[in-house]
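The structure appears right after this line, and notes come after that.
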Number of protein chains: 2
Amino acid sequence: MNHLTMTDIARLAGVSLTTVGRVVRGKGYVSREKREAVERVIGETGYVPNRAAQGLKSNRTNLIGHLTVLNPNMLYEQISRSLNRAASERGYQVLTYTVDRETGDRGKVLDELIAQRVAGIVITSCPGLSGEMLGKVLGKHIPLVMIERTIEAEGSDRIAVADLEGAREAVDYLFRRGHRKIGFVGKNPDQEVEARRLAGYREGLAGGGIPEDESLVVLTRSYTVEEGREAGKALLDRADRPSAVFMTSDLLVCGFLQACYERNLRVPDDISLVGYDNTLSMMLSPPVTSVSLEMGELGERAVELLMTRGENREGESREVLIRTVLIERDSVKTLF
Amino acid sequence: MNHLTMTDIARLAGVSLTTVGRVVRGKGYVSREKREAVERVIGETGYVPNRAAQGLKSNRTNLIGHLTVLNPNMLYEQISRSLNRAASERGYQVLTYTVDRETGDRGKVLDELIAQRVAGIVITSCPGLSGEMLGKVLGKHIPLVMIERTIEAEGSDRIAVADLEGAREAVDYLFRRGHRKIGFVGKNPDQEVEARRLAGYREGLAGGGIPEDESLVVLTRSYTVEEGREAGKALLDRADRPSAVFMTSDLLVCGFLQACYERNLRVPDDISLVGYDNTLSMMLSPPVTSVSLEMGELGERAVELLMTRGENREGESREVLIRTVLIERDSVKTLF
DNA sequence: CTGAAAGCGCTAACAG
DNA sequence: CTGTTAGCGCTTTCAG
């Protein structure tokens, strides 16, 4: 490796090490003359500072750790992108670890993140994380933000999506379009997130004065195309099928649409659909109306929480709520 | 930050700094007794080594840089995942920079990667990269591997997909299913990749003795749903529409299917479709037959090239070809 | 098998 | 405005 050091640059430019440091970092007074000399040498030699040395000395890095779980759902990828963008706007870079939901060793990953001395850690959806692991991070005063599925942890912040409101709005939207027999397909509410969406569905129904019909609620084990398809079969093959169905993931919608297609049922003519995530809905036939999360905001807020936690350390746990927006497309029929 | 150092551990365990280093790194002779003492202290205190210090001293990191371009196409995300997996199997971690196709500053990103002193750099699709930027990386003897869209560069390695063969096989598959009027929808072949796929299509046609019909070839500006839909309109609204269409991206297939859906044309009854990428095809209605790239292999080979380049430095440029596999689903009708 | 010693390249006081 | 100095936490000879 042919890496020059600051000392080399200093010698070449005829100045001291410190002066080079000042222009590299862009802070501290340096006369225009010397600054230009140094910049010229840096330009000519292609000198690039050594982050390891900077980090060692300053005890800071420009790295943000991100622990996420492998998932066919494009949602997590979008979160990751959003985080990346927000981080790089502030001069940070995200080191992402994607663990396998079943076999991934969370503890090892967190240790690696600590080893890198990241400026903060974001955890997106964290099944299988123990309080002990989190404690280790928090004990070292590394700012921690959790997204989507969160765990209570003293001293960490959380970002949640306004799932209940999002789901309620979706159902209300269907109601206002004249639908009264509205089905629900979602993951079994063993986690808060799913419970909120189901609750939103029920609130939406209640808001329209529609009595609940449990036979219209299909709970799946996970968010997969296959399960969406099974749910579709269950709902479509009923004698009295719903006029509309709200699903808590675009992935489920994909499967549901396959079930429709097999039966030669058309959307929205034969049945109306609303999805959730807004990840795949625009690509489907027909393009599906879906509940979109404010992705840009999500990353921004996560980084913001990380940065401000560093200042007022030991503060209370904070929680920020991300809004949702219903994106209208062509999958809902107006029944008037 | 409450980080202990190796010196702390040494003191606590009653051994020397060096001995702690040996057990942390797991190499060098240490008596069972002392090793256990050290391990106990590390376990109790939750000590985690400082990568910056390790890297500074050893002049090595466990980081692999990845430069990729922001793209709605899930293909790049899959490549990224594959790379991550392969890297972590060898104890490396991937630092990914996703730049905006138009505005992203490649030079700055590469500098940042150099600053991190990454063990190697992988570049996936690299429009807008100058030879100068690449030269800077290569000049510092950092192993470099390019994927998908590659640039010639002395001392760097490349991974290409067997696009021509993949496309040819797809067309041949349609031929064997009885199709003779086969359309093509793909991105304008201003890059090698697209040119190879188009050439594969032509070879497939030639193999079946089918004369080329340029009116059946639709070239788009980019891989988007919208362009796929436009292409669909163009091909479907012809008096003599093709019995099958091969498309060079699943994203295009999505749009094409929307055009079909609007016209109430059914796949594969009215028209047969084969996609490329195998990223979205399984989620569509109907599930679409698509050309899949051997993703697992891709990451493995990339990391392998990086690692071996470190040894036989200054070697020739190497190129490895990734095979494709046609995944059969329900979008092709047999015409007999 | 173990320890002492010498830095890696850089930052951050502190004097000039 | 500029330079000198002292390490950051770890790896790596080199002697015991």
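All chains are named by letter (A, B, ...) in the order of the sequence lines, taking the proteins before the strands, and each is independently numbered beginning at 1.
A:Met146 is listed as a side-chain neighbour of A:Ile151, based on a closest heavy-atom distance under 4.5 Å.
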Margin query: Using a 4.0 Å heavy-atom cut-off to protein, can you give one letter per nucleotide of nucleotides 7-16 of chain D, 5' to 3': B if the base is in contact, S if only the sugar-phosphate is, - if neither?
Written below: BBBBBB----
Item checked: Steps toward side-chain contact (heavy atoms from CB on, under 4.5 Å) verdict (A:Leu293, A:Leu75) -> CA-CA 9 Å; A:Leu293 319 186; A:Leu75 182 60; 3.8 Å; yes
Next item on the list: Start with the C-alpha distance between A:Glu132 and A:Lys136, add both sets of side-chain angles, then the distance that settles side-chain contact (heavy atoms from CB on, under 4.5 Å), and finish with yes or no.
Entry: CA-CA 6 Å; A:Glu132 190 193 353; A:Lys136 190 164 179 180; over 6 Å; no
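In this structure, the CD atom of B:Glu36 is 14 Å from the P atom of C:dC1, given to the nearest Å. C:dC10 atom P lies 13 Å from atom CZ of A:Arg11, rounded to whole Å. Atom CD1 of A:Ile9 is separated from atom C1' of C:dC10 by 13 Å (rounded to the nearest Å).
Each end of the helix from C:dC1-D:dG16 to C:dG16-D:dC1 gets its own axis from five base pairs, and the two axes differ in direction by 30°, given to 10 degrees.
Considering CG of B:Leu110 and CG of B:Leu67, their distance stands at 5.5 Å, rounded to 0.5 Å. Taken to the nearest 0.5 Å, the CD atom of B:Glu148 stands 9.5 Å off from the OG1 atom of B:Thr68.
With no hydrogens or angles considered, no side-chain donor-acceptor pair links A:Arg81 and A:Gln78 at under 3.5 Å.
Between A:Arg40 and A:Glu44 there is a salt bridge, with a side-chain nitrogen of the basic residue lying less than 4.0 Å from a carboxylate oxygen of the acidic one.
Residues that satisfy the side chain to side chain contact (heavy atoms under 4.5 Å, CB included) test with A:Asp105, not counting sequence neighbours, are A:Lys108.
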